[in-house]
Amino acid sequence: MTRLSTTLRGLATAVAALFAVTAVPASAQARPEPRAPEDFVALRSVDPTIIEEMRYVTAHNFVGERVDGYRQPLCILTRPAAEALHRAQTRLLRQGYSLKVYDCYRPQRAVDHFVRWAEDLDDQKMKAEFYPEVDKTRLFTDGYIAEKSGHSRGSTVDLTLVRLPAKPTRPHHPGQPLVSCFAPQDERFPDNSVDMGTGYDCFDTRSHTLDPRIQGVQHANRMLLKNTLEDAGLVNLPEEWWHFTYKPEPYPDTYFDFPVSAKSLAGRR
């Protein structure tokens with residue numbers, strides 16, 4: 001055997017060995033998805049009467065598409081937060097109302113999606129509905145978008161009130177004409193909730209819970225939601241009438257990233 005052929009054979013053997021080390025099967029490389037801690041539950045397992053309209057699993061939100069990490073239309077919360085909502089729901093049902101949740105636990109990957117969207121100044125397709133008077137360059141400065149969200153800690157929920165019997169909400173169809181989130185209720189998207197003065201996720205100071213421009217029935221509806229939930233142990237964020245956090249939070253400093261799906265609950269319902 002010539003010196004050249006011996007060298008080539010050695011080189012071929014080395015290359016084969018390198019591929020044997022680096023060509024790991026995809027299944028071995030994939031990391032398993034994180035799971036929720038044992039004290040996270042599906043809200044419907046604690047109170048199946050609460051209406052769930054999970055906006056971020058649909059395209060009807062300020063991003064205009066399904067948000068990363070939302071695999072199923074499922075409200076997941078820490079058990080203490082879910083039980084607090086159950087207490088509030090029990091009281092509201094006696095008054096002819098139901099809670100309706102829009103968002104519950106939110107994975108960090110969803111928050112990262114919001115950040116990428118906010119940095120893309122060319123994407124303005126949902127502006128006319130969700131931030132008609134706010135320049136997109138100000139979303140971080142004005143506090144509408146942040147790199148961390150209390151929702152990722154598992155005890156924060158976005159919700160509203162629905163007068164019973166609940167009417168169906170008309171499905172949103174991408175590309176349909178958009179109407180400002182603070183237009184009169186009979187003009188904006190036909191949500192089946194009571195009139196809160198703005199729609200959900202309205203990036204506008206009119207969404208501040210105690211904004212003085214919100215009067216009459218709209219103000220009364222906000223106060224019914226706020227007072228009922230705070231009596232049950234949930235605290236309102238003053239800048240968003242729909243945003244409440246159970247206190248004390250079981251995970252005040254932990255931001256989870258497991259997907260919103262039944263699998264994340266490890267067999268729990």
Side-chain angles (χ1 to χ4, degrees), residues 40-44 46-47 50-63 66-70 72-78 80-82 84-86 88-89 92 97-108 110-111 113-114 117 126 129-131 139 143-146 148-162 166 169 172 181-182 188-189 191-204 206-209 211 214 221-230 232-247 249 255-256 260:
F40 277 70
V41 296
L43 175 62
R44 64 175 61 128
V46 176
D47 194 323
I50 296 175
I51 301 167
E52 299 187 19
E53 185 182 314
M54 310 306 292
R55 286 286 185 88
Y56 297 143
V57 78
T58 76
H60 188 210
N61 56 66
F62 58 86
V63 175
R66 180 192 287 246
V67 177
D68 289 354
Y70 287 84
Q72 294 176 285
L74 181 67
C75 174
I76 297 175
L77 290 167
T78 60
L85 290 185
H86 171 64
Q89 177 76 343
L92 288 165
Y97 294 93
S98 174
L99 293 170
K100 180 172 79 169
V101 295
Y102 292 117
D103 192 37
C104 302
Y105 158 74
R106 180 184 305 165
Q108 180 60 46
V111 180
H113 190 169
F114 292 167
W117 166 82
M126 302 302 286
E129 179 174 353
F130 291 97
Y131 53 107
L139 292 181
Y144 294 112
I145 300 294
K148 295 289 185 182
S149 169
H151 282 272
S152 301
R153 302 194 295 264
S155 297
T156 294
V157 59
D158 293 340
L159 73 176
T160 189
L161 295 174
V162 174
T169 294
H172 170 79
C181 54
F182 53 78
R188 61 182 184 259
F189 183 82
D191 193 303
N192 64 352
S193 65
V194 303
D195 188 3
M196 294 290 189
T198 78
Y200 169 56
D201 261 353
C202 187
F203 293 0
D204 190 273
R206 294 172 181 83
S207 295
H208 293 188
T209 307
D211 186 275
I214 305 301
N221 288 336
R222 291 188 183 192
M223 290 304 98
L224 176 60
L225 180 66
K226 180 177 185 292
N227 293 337
T228 303
L229 290 177
E230 290 189 342
L234 294 120
V235 179
N236 177 237
L237 178 70
E239 291 77 20
E240 298 176 351
W241 59 258
W242 56 79
H243 180 118
F244 290 83
T245 300
Y246 174 78
K247 300 286 187 176
E249 292 184 66
Y255 296 84
F256 295 98
V260 177

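For the single chain, residues carry numbers from 1 onward in sequence order.
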With a 4.5 Å cut-off on side-chain heavy atoms, are Asn61 and Met126 touching? no
Please name all residues satisfying side-chain contact (heavy atoms from CB on, under 4.5 Å) with Asp158, sequence neighbours left out, ordered by chain then number. Tyr102, Asp103, Arg106, His151, Tyr200, Trp242, His243
Rounded to the nearest 0.5 Å, what separation is found between the CD1 atom of Ile51 and the CG atom of Leu43? 11.5 Å
Could you tell me which residues satisfy ring-ring contact (aromatic ring centres under 6.0 Å, His included) with Tyr131, sequence neighbours excluded, listed by chain and number? Trp117
Can you see which heavy atom on Leu85 is nearest to which on Leu99, and at what distance? O-CD1, 3.7 Å
Could you pull out the closest heavy-atom pair between Leu74 and Arg44, with the gap in Å? CD1-NH1, 3.4 Å
What's the spacing between Asn236 CG and His208 NE2 if we round to 0.5 Å? 11.0 Å
With Pro238, which residues qualify under side-chain contact (heavy atoms from CB on, under 4.5 Å), at least two apart? none
Got a sec, which residues hit salt bridge (Lys or Arg N to Asp or Glu O under 4.0 Å) with Glu239, two or more places apart in sequence or on another chain? none
Leu237 side, atom CG; Thr209 side, atom OG1 - distance, nearest 0.5 Å: 7.0 Å
For Lys100, what residues pass the side chain to side chain donor-acceptor pair (under 3.5 Å) criterion, not counting sequence neighbours? Glu53, Asp191, Asn192
Asp211: side chain to side chain donor-acceptor pair (under 3.5 Å) partners, not counting sequence neighbours: Arg213
Quick one, Gln89 with Val46, criterion side chain to side chain contact (heavy atoms under 4.5 Å, CB included). Give me CA distance, side-chain angles, the key distance, then yes/no. CA-CA 11 Å; Gln89 177 76 343; Val46 176; over 6 Å; no
Heavy-atom closest pair (Ile214 atom, Arg206 atom, distance to 0.1 Å) is CG1-O, 3.8 Å
With side chains defined as the heavy atoms from C-beta onward, is the minimum distance between Arg188 and Asp195 less than 4.5 Å? yes
Report the C-alpha separation of Trp241 and Asn221 in whole Å, then their side-chain angles, then the decisive distance to 0.1 Å, and conclude whether the side chain to side chain contact (heavy atoms under 4.5 Å, CB included) test is met. CA-CA 10 Å; Trp241 59 258; Asn221 288 336; over 6 Å; no
Here the pair of heavy atoms bringing Gly154 nearest to Phe40 is CA-CE2, 3.6 Å
Under the side chain to side chain donor-acceptor pair (under 3.5 Å) rule, collect the residues that match up with His86, sequence neighbours excluded. Asp47
Nearest-0.5 Å distance, CG of residue Leu161 to CG of residue Leu225: 4.5 Å
Non-neighbouring partners of Ala146 that pass side-chain contact (heavy atoms from CB on, under 4.5 Å), sequence neighbours left out: none
When you look at Met54 and Cys75, which way does the side chain to side chain contact (heavy atoms under 4.5 Å, CB included) test go after all the steps? CA-CA 7 Å; Met54 310 306 292; Cys75 174; 4.1 Å; yes
Could you tell me which residues satisfy salt bridge (Lys or Arg N to Asp or Glu O under 4.0 Å) with Arg153, sequence neighbours excluded, listed by chain and number? Glu249
Residues Val101, Ile50; criterion side chain to side chain contact (heavy atoms under 4.5 Å, CB included); working and verdict: CA-CA 8 Å; Val101 295; Ile50 296 175; 4.1 Å; yes
Closest contact, heavy atoms only, Ala81 versus Ser155: CB-CA, 4.0 Å
Please list, chain by chain and in numerical order, all residues satisfying side-chain contact (heavy atoms from CB on, under 4.5 Å) with Gln108, sequence neighbours excluded. Val111, Asp112, Lys148, Ser152, Tyr255, Asp257
Residues at least two apart in sequence or cross-chain that pass ring-ring contact (aromatic ring centres under 6.0 Å, His included) with Tyr105, listed by chain then number, are Phe258
Distance-only, no hydrogens or angles: does the His172 side chain make a donor-acceptor pair with backbone N or O of His60 under 3.5 Å? no
ring-ring contact (aromatic ring centres under 6.0 Å, His included) against Tyr56, all qualifying residues, sequence neighbours excluded: Tyr70, Phe114
Hey, are the side chains of Tyr97 and Thr228 touching, using non-hydrogen atoms and a 4.5 Å cut-off? no
Does Cys202 offer a backbone N or O that forms a donor-acceptor pair with the side chain of Ser207 under 3.5 Å? yes
Before you tell me yes or no, could you show the steps for Phe62 and Tyr144 under ring-ring contact (aromatic ring centres under 6.0 Å, His included), namely the whole-Å CA-CA distance, both residues' side-chain angles and the distance that decides it to 0.1 Å? CA-CA 11 Å; Phe62 58 86; Tyr144 294 112; 9.7 Å; no
Looking only at non-hydrogen atoms, find the nearest pair between Asp68 and Pro107 and report the distance. O-CG, 4.3 Å
